[in-house]
Amino acid sequence: VSSDLDAHDPLAAARAKFSLPDGLVYLDGNSLGALSTSVPPALSDAVERQWGRDLIRSWNDNDWWSLPRRVGDRIGALIGAAPGQVMCGESTTIQLFQAIVAATRLRPGRTMIITDGDNFPTDQYVADSVGRLLGLEVVRASPPDLAQKIDERCAVVSYSAVDYRTGELWDLASLTAQARAAGAAIVLDLSHAAGALPVSLDELGADFAVGCGYKYLNGGPGAPAWIYIAARHQSVADLPLTGWHGHADPFELEASFRPAPGIERARIGTPPLLSMLALEAALDVWSTVSLADARAKSLAMSGMVIDFVDAHCPDIEVVTPREMDRRGSQVSLRMPYAYEVCQALIARQVIGDFRAPDLLRLGFAPLYLSYADVEHALAELLDVLTSRAYLDPAFARSAGGAVT
Ligand SMILES: Cc1ncc(COP(=O)(O)O)c(C=O)c1O
């Protein structure tokens, strides 16, 4: 079956644009994307020519100054943002802080921030900190329960598009519409969506969004993140981190901050050029593939896993929704010994990850995975379960294996 699917896969050629060890099935692109073959030459050019020879002149000669905006626009094309609304830089955590504070300041007098109690920890911690800083109450409500909590006291709704544990994709149109109807601003964390599935930020009418560069965008470990600020907010957005790169006239070196017009105000300080050049190179692949094809392939793969588990693994609970429009790009399986099963699979060159207390997460990055890879991973999973290979003490949590 898988050979047929691979033979007709419109994304089959993209696999050659990634460098992965032979024999490895990588189902963790939702945590750290694979190495794009465009990155090593781009990095060596960045280090040897741009830094080594051109030195400080590179800010102009190699367009270092415009890099965050350039990369931002390329990410914007993947999330339905017209040019000039996405700025690349910093970490997701910092961009969340920027976005939640700026969104709160757009709604003076309101007293509440709503976030998801199952949101990624950093999203909750930042919401709590902004609450303390600006004197707002932080209320937890999972996206399906937003309607029960939201009212005219709510300044900001801060949600992730995809639940990182269960892989559930929330209805972004409905969340955005509910926030807008209550007069609240919405901040979306697209870490598990950008590059994995189509998102239409402009069409949704979202206010702010943020996301990682190192998951489905394949920018590499610690790759810079990004922030989206809808054009209609840019002239008034009051971002809390006011660095000199976001100043209207950075080289006048004025004593007081005047924000740059447009998305330029979302710059902070000197960006991590090497990491950003790596991310820029990793984004090249998107000029040869379509996000719609990637989404279709990811859904086919997650569907394969769900069907297989239903048919062969009665002790495993599929936590990820079965409806395609409610599924991100991963399948989460609840099982006893999830940690040990994950380690046993890694020993067999099938890399997924474990999320406490009992989930095995399998992520699908369709640009570099084949259906044969998924079939192979499922055969190994079944073998690990039926042979009870996971009971080997080497895979026990106490053996101290790294949690990937
Ligand atoms: C939804 C979400 N937000 C944020 C992060 C990470 O933030 P940072 O890049 O600042 O570590 C993750 C990491 O997995 C995530 O899943």
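Just so you know, ligand 1 is whichever comes first in the structure, and atom 1 is the first atom listed for that ligand. In this chain, numbering begins with 1 at the start of the sequence shown.
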Problem - Residues lining ligand 1 [heavy-atom distance under 4.0 Å, listed by chain and residue number] - result: S91, T92, T93, F120, T122, D123, S160, D189, S191, H192, Y214, K215

Problem - For N119, the option from T122, T115, D116 that meets side-chain hydrogen bond (donor to acceptor under 3.5 Å, both in side chains) - result: T115

Exercise for the section: Could you tell me whether I56 atom CD1 has more than 12 heavy atoms of other residues or ligands within 6.0 Å of it? Expected result: no

Completion exercise
Contacts satisfying side-chain hydrogen bond (donor to acceptor under 3.5 Å, both in side chains) that involve residues 251-261 (not counting sequence neighbours) are H247-E254, E254-R258

Handout entry: E203 atom CD, over 12 foreign heavy atoms within 6.0 Å
Key = no

Problem - Under the ring pair (Phe, Tyr, Trp, His ring centres under 6.0 Å) test, residues paired with Y159 that sit two or more places apart - result: none

Completion exercise
Y337 meets the ring pair (Phe, Tyr, Trp, His ring centres under 6.0 Å) criterion, sequence neighbours left out, with Y390

